[in-house]
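Quick notes on the structure that follows.
Note that the coordinates shown come from a computational prediction; the quantities given were computed from them, not determined experimentally. We name chains A, B, ... by the order of the sequence lines, and we start the count at 1 in each one.
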There are 2 protein chains.
Amino acid sequence: MALIDIVRSDPEETQSGATRVLTFFRDRLLSGELKAGDRLLAERELAQALGVSRPVLREALRSLAMLGLLDIQHGRGAFVRAANASVLGQALTLCLAPEPNILDDVLQARIAIECQAIRLACERASERDLQAIAGILDTLVDSLDDPETGGEADYAFHLAIVRASGSSALMKIYEAISPLLMRSHVERRRDTFREPAITSRLVDAHREVFLSLARREPDQAERALRQHFLIGDELRRKSLISSYQSREKQP
Amino acid sequence: MALIDIVRSDPEETQSGATRVLTFFRDRLLSGELKAGDRLLAERELAQALGVSRPVLREALRSLAMLGLLDIQHGRGAFVRAANASVLGQALTLCLAPEPNILDDVLQARIAIECQAIRLACERASERDLQAIAGILDTLVDSLDDPETGGEADYAFHLAIVRASGSSALMKIYEAISPLLMRSHVERRRDTFREPAITSRLVDAHREVFLSLARREPDQAERALRQHFLIGDELRRKSLISSYQSREKQP
DNA sequence: ATTCCTAAAGTGGTAAGACCATGGACTGAC
DNA sequence: GTCAGTCCATGGTCTTACCACTTTAGGAAT
């Protein structure tokens, strides 16, 4: 029985033991009867209550734990875990693993999410949202020399924009692709030189994005964002080329 | 042990039985040593080979099956299943279940994906892609009177655009949100009247989107697409209002 | 009376063995 | 040659038992 069968299962079909357990939890999780933090009954009681043996119940519980829905602690019990996007990210990673050039491709998804997010943010962002983004922008400017902090601030900036969109769907998807985004970032950094000219243009691009957002101009904000991504691509390409050229000269 | 621990696990830590089994499969799945369609050893042999008891092995196998990575068939054996986006969709559904207004919100994700997809499609779409979309458009026109076929053609049209983008990341995410998209669609249909005036405008909108794509004009294509979504929203709102008005008059 | 330690109880983790249900293959009869 | 029945391999389930970890309550020492 796969996850797909849990979410939509045919109530008519004869339900085996394992199926009964999984539908039991599916109903209570989707209906909200089981909230995050709730403690489940002990395995032995639960097994008896559901009319299945303990191994069967355990298989179901372990499966749910694997999906990140339960937190099973030895000697304490099983607890309902808040829905976590990291599971999504891992599943997406496994799902996209066989695809070629996935690290380049995931950037397209990033652009998609952010461009829509910033449009929404222009309408919905609160003053607090804008102040948060402004604060991150300051951090970004201050950490020009530190690749580590600078990289984090860069990510935080874009994440804050998505958060300001007020769309939990966009937010979850963005979190889901973020592990791949990170890998992509790390891989690209190997080929990218951190020159002052580049970083200063980077700051300018971020500032322009923020200003358009603060002025609540959706079209302008999206254009600035796309320009930012475009420049990033171009810089990476140039630095990649120069990297290869210097490698040719001095092998 | 949760999924998150499978993908990146610390090799130093003392591995318990269940962990050993999961890391065993993780390594072989990510490395490609286990390909889709491969048949696993029988549970009893596998348990002996890995040095764990059968229930422990079964817990791991069932967990992997739940994630859609294995296909366990009674009486036949366990087979490696190709990564499937439907699992993603189900996980996303569970993850977003507690959020309010998620069915409205997921439309934002849809717009995000499609707008970026059509931009890419303007660059990358092959002649075959365009012909496929054109064919679906014909179906859409022919099935104006049939809500069922029409709805399917509508979905197929948008899906074909995402496919034409050539981005597997966008495609997977679009497939992941499609279950929620469907629910949203069904829910909205309850409040929407299928009037000839509406459907004809719908066809016009789709045709305009296609033409911009065929002419390979990204900005124009995205604009047409956004306009299409906007009109859809407006029509739904109007029909919702008129629905409530008629309900007031004739309670 | 307070504090600390210890032991017991409750909980998940694992193991072993048996039996049932299903699918496929082999073999026999027609 | 074809079909049906039987047998075997495999997954599905149950039972029982024991181990490991956590918490807690009760008793002993201060």
Side-chain angles (χ1 to χ4, degrees), chain A residues 1-6 9-10 12-26 28 34 36-81, chain B residues 1-6 9-10 13-26 34 36-81:
Chain A
M1 171 136 185
L3 173 62
I4 193 173
D5 303 316
I6 297 181
S9 70
D10 188 355
E12 297 175 14
E13 65 182 313
T14 306
Q15 295 193 340
S16 65
T19 309
R20 209 160 49 238
V21 178
L22 288 173
T23 55
F24 175 85
F25 283 105
R26 187 245 323 186
R28 275 153 188 75
L34 279 178
D38 285 356
R39 185 174 172 283
L40 266 53
L41 287 175
E43 290 186 355
R44 292 168 179 81
E45 305 173 44
L46 211 49
Q48 192 177 4
L50 294 177
V52 296
S53 70
R54 203 172 147 222
V56 171
L57 178 80
R58 276 182 58 79
E59 285 177 15
L61 291 185
R62 291 292 287 265
S63 295
L64 294 176
M66 179 84 69
L67 292 173
L69 271 54
L70 287 184
D71 184 19
I72 303 180
Q73 299 179 21
H74 193 169
R76 297 194 60 206
F79 302 84
V80 178
R81 180 142 58 177
Chain B
M1 174 138 184
L3 173 61
I4 195 173
D5 303 316
I6 297 182
S9 70
D10 188 357
E13 63 181 315
T14 306
Q15 294 192 341
S16 65
T19 309
R20 207 160 51 237
V21 178
L22 288 174
T23 55
F24 175 85
F25 283 106
R26 187 244 323 185
L34 279 178
D38 285 355
R39 185 174 173 283
L40 267 54
L41 288 175
E43 290 185 357
R44 292 168 180 80
E45 305 173 44
L46 211 49
Q48 192 176 4
L50 295 177
V52 296
S53 69
R54 204 174 146 218
V56 172
L57 178 80
R58 275 183 59 79
E59 285 176 13
L61 292 185
R62 291 293 288 264
S63 296
L64 294 175
M66 179 84 71
L67 292 172
L69 271 55
L70 287 183
D71 184 19
I72 303 181
Q73 298 179 23
H74 192 167
R76 296 194 59 205
F79 302 84
V80 178
R81 181 145 53 178

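In this structure the side chain of B/F79 never reaches within 4.5 angstrom of the side chain of B/I72, judged on heavy atoms. At least one side-chain heavy atom of B/L61 sits under 4.5 Å from a side-chain heavy atom of B/L70.
For the pair B/L46 CG and D/dA9 P, the computed distance is 18 Å after rounding to whole Å. Across the protein-nucleic acid pair, A/L61 atom CG and C/dT14 atom P stand 14 Å apart, rounded to whole Å. Atom pair B/F79:CZ and C/dG24:P shows a separation of 9 Å (rounding to whole Å applied). Atom pair A/D71:CG and C/dG13:P shows a separation of 11 Å (rounding to whole Å applied). Rounded to an integer number of Å, the gap from CZ of A/R58 to C1' of C/dT14 is 8 Å. With rounding to whole Å, B/L70 atom CG is found 13 Å from D/dG11 atom C1'. At whole-Å resolution of the value, CG in B/L41 and P in D/dT10 are 9 Å apart. Distance CD (A/E45) to C1' (C/dT11): 10 Å, rounded to an integer number of Å.
Contacts of B/E59 with the nucleic acid, taken as non-hydrogen atoms under 4.0 Å apart, are absent.
Proximity note for B/E43 (side chain, C-beta onward) versus D/dG12, C/dG13, C/dA15: the nearest is D/dG12.
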Restricting to nitrogen or oxygen on both sides, can you table the protein-nucleotides 16-22 of chain D pairs closer than 3.5 Å?
| unit_1 | atom_1 | unit_2 | atom_2 | d |
| --- | --- | --- | --- | --- |
| D/dA20 | N3 | A/H74 | NE2 | 3.0 |

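By the side-chain contact (heavy atoms from CB on, under 4.5 Å) test, B/F24 pairs with B/R28, B/L50, sequence neighbours left out. Residues meeting the side-chain hydrogen bond (donor to acceptor under 3.5 Å, both in side chains) test with A/R76, sequence neighbours left out: A/Q73.
For residues 46-55 of chain A, the side chain to side chain donor-acceptor pair (under 3.5 Å) pairs, not counting sequence neighbours, are A/E43-A/R54. For the salt bridge (Lys or Arg N to Asp or Glu O under 4.0 Å) condition, no pair includes a residue of residues 64-74 of chain A, sequence neighbours left out.
Between B/R39 and C/dG24 there is no side-chain N or O to OP1 or OP2 distance below 4.0 Å.
In terms of heavy atoms, B/L41 sits closest to B/E45 at CD2-OE1, 3.9 Å.
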